[in-house]
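First up is the structure itself, then whatever we jot down about it.
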Amino acid sequence: MSEKSNLSRVAAAFFRDRVSGRAAVATAVLRIVTGLFFVLAAIPKFAAHDFELAEFARFGLPESSALVYLVGLLELGGGLMLVLGVGTRLAALGLAVNMAGAIATAGVKVGGPFHLGVAPALLLAMVFLLWAGPGVAALDRRLAAGIG
């Protein structure tokens with residue numbers, strides 16, 4: 001078996017779905033809605049940067065503009081990837097790490113329904129997308145068809 005066919009199999013597995021039918025539709029809705037949420041969550045990291053910087057410090061994180069911008073870029077880029085359904089598993093992995101960090105910092109330090117309710121729900125959604133894949137209406141499906 002050639003190295004190229006092994007690589008093609010790994011790439012196809014990365015892009016393939018584990019759900020079909022109505023479950024694939026529900027997965028796509030989850031992917032798009034959570035993607036839009038992350039895009040909206042990213043906007044204040046840029047538009048209200050000083051406020052977000054103060055919030056990060058309140059959560060016990062270093063007072064670093066670069067950190068706020070990096071989290072904003074992760075949320076914006078990952079959110080857009082989810083909305084488009086391109087690199088769904090990669091985006092879900094990055095955003096799952098982001099949510100785990102939010103729970104471990106803001107959730108522990110501040111608590112509340114957002115940090116201990118919404119963030120864990122988003123973490124679970126990202127773990128599900130890591131497992132399930134993108135669902136319907138995703139560019140990942142076209143990529144998988146081109147590889148497989």
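Counting begins at 1 with the first residue of the sequence.
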Starting from [Y], can I reach [X] by hopping between I/L/V/M/F/W/Y residues whose side chains sit under 4.5 Å apart?
{"X": "Val71", "Y": "Val68", "answer": "yes"}
{"X": "Val136", "Y": "Leu139", "answer": "no"}
{"X": "Leu95", "Y": "Val118", "answer": "yes"}
{"X": "Leu116", "Y": "Leu124", "answer": "no"}
{"X": "Phe46", "Y": "Leu61", "answer": "no"}

What closest approach, in Å, do [X] and [Y] show between heavy atoms, and which atom pair accounts for it?
{"X": "Ala138", "Y": "Pro134", "result": "CB-CB, 3.5 Å"}
{"X": "Ala125", "Y": "Leu30", "result": "CB-CD1, 4.0 Å"}
{"X": "Leu40", "Y": "Pro44", "result": "O-CD, 3.3 Å"}
{"X": "Ala24", "Y": "Val19", "result": "CA-CG2, 3.7 Å"}
{"X": "Ala42", "Y": "Gly72", "result": "CB-O, 3.4 Å"}

- Message: Applying side-chain hydrogen bond (donor to acceptor under 3.5 Å, both in side chains) as the test, list every pair that has at least one member in residues 61-82; sequence neighbours left out.
- Response: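 Only Lys45-Glu75, His49-Ser65, Glu75-Asn98 qualify under side-chain hydrogen bond (donor to acceptor under 3.5 Å, both in side chains).
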
- Message: side chain to side chain contact (heavy atoms under 4.5 Å, CB included) for His115 and Phe59? Distances and angles first, verdict last.
- Response: CA-CA 11 Å; His115 302 298; Phe59 302 151; 3.8 Å; yes

Nearest 0.5 Å, what's the [atom1]-[atom2] distance between [X] and [Y]?
{"X": "Leu84", "Y": "Asp140", "atom1": "CG", "atom2": "CG", "result": "10.0 Å"}
{"X": "Arg58", "Y": "Glu52", "atom1": "CZ", "atom2": "CD", "result": "10.5 Å"}
{"X": "Met99", "Y": "Thr34", "atom1": "CE", "atom2": "OG1", "result": "10.5 Å"}
{"X": "Thr88", "Y": "Met126", "atom1": "OG1", "atom2": "CE", "result": "9.5 Å"}

- Does a side-chain heavy-atom distance below 4.5 Å link Phe38 with Leu122?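 Of all side-chain heavy-atom pairs linking Leu122 with Phe38, at least one is under 4.5 Å.
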
- Any side-chain heavy-atom pair from Leu123 and Ile103 closer than 4.5 angstrom?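 When only atoms from C-beta onward are counted, Ile103 and Leu123 do touch, with a gap below 4.5 Å.
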
- Stepwise side chain to side chain contact (heavy atoms under 4.5 Å, CB included) check, Phe56 with Thr105: CA-CA 9 Å; Phe56 274 48; Thr105 56; over 6 Å; no

- Any donor-acceptor pair under 3.5 Å from Arg31 side chain to Leu129 backbone: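 Not confirmed, Arg31 side chain does not pair with Leu129 backbone.
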
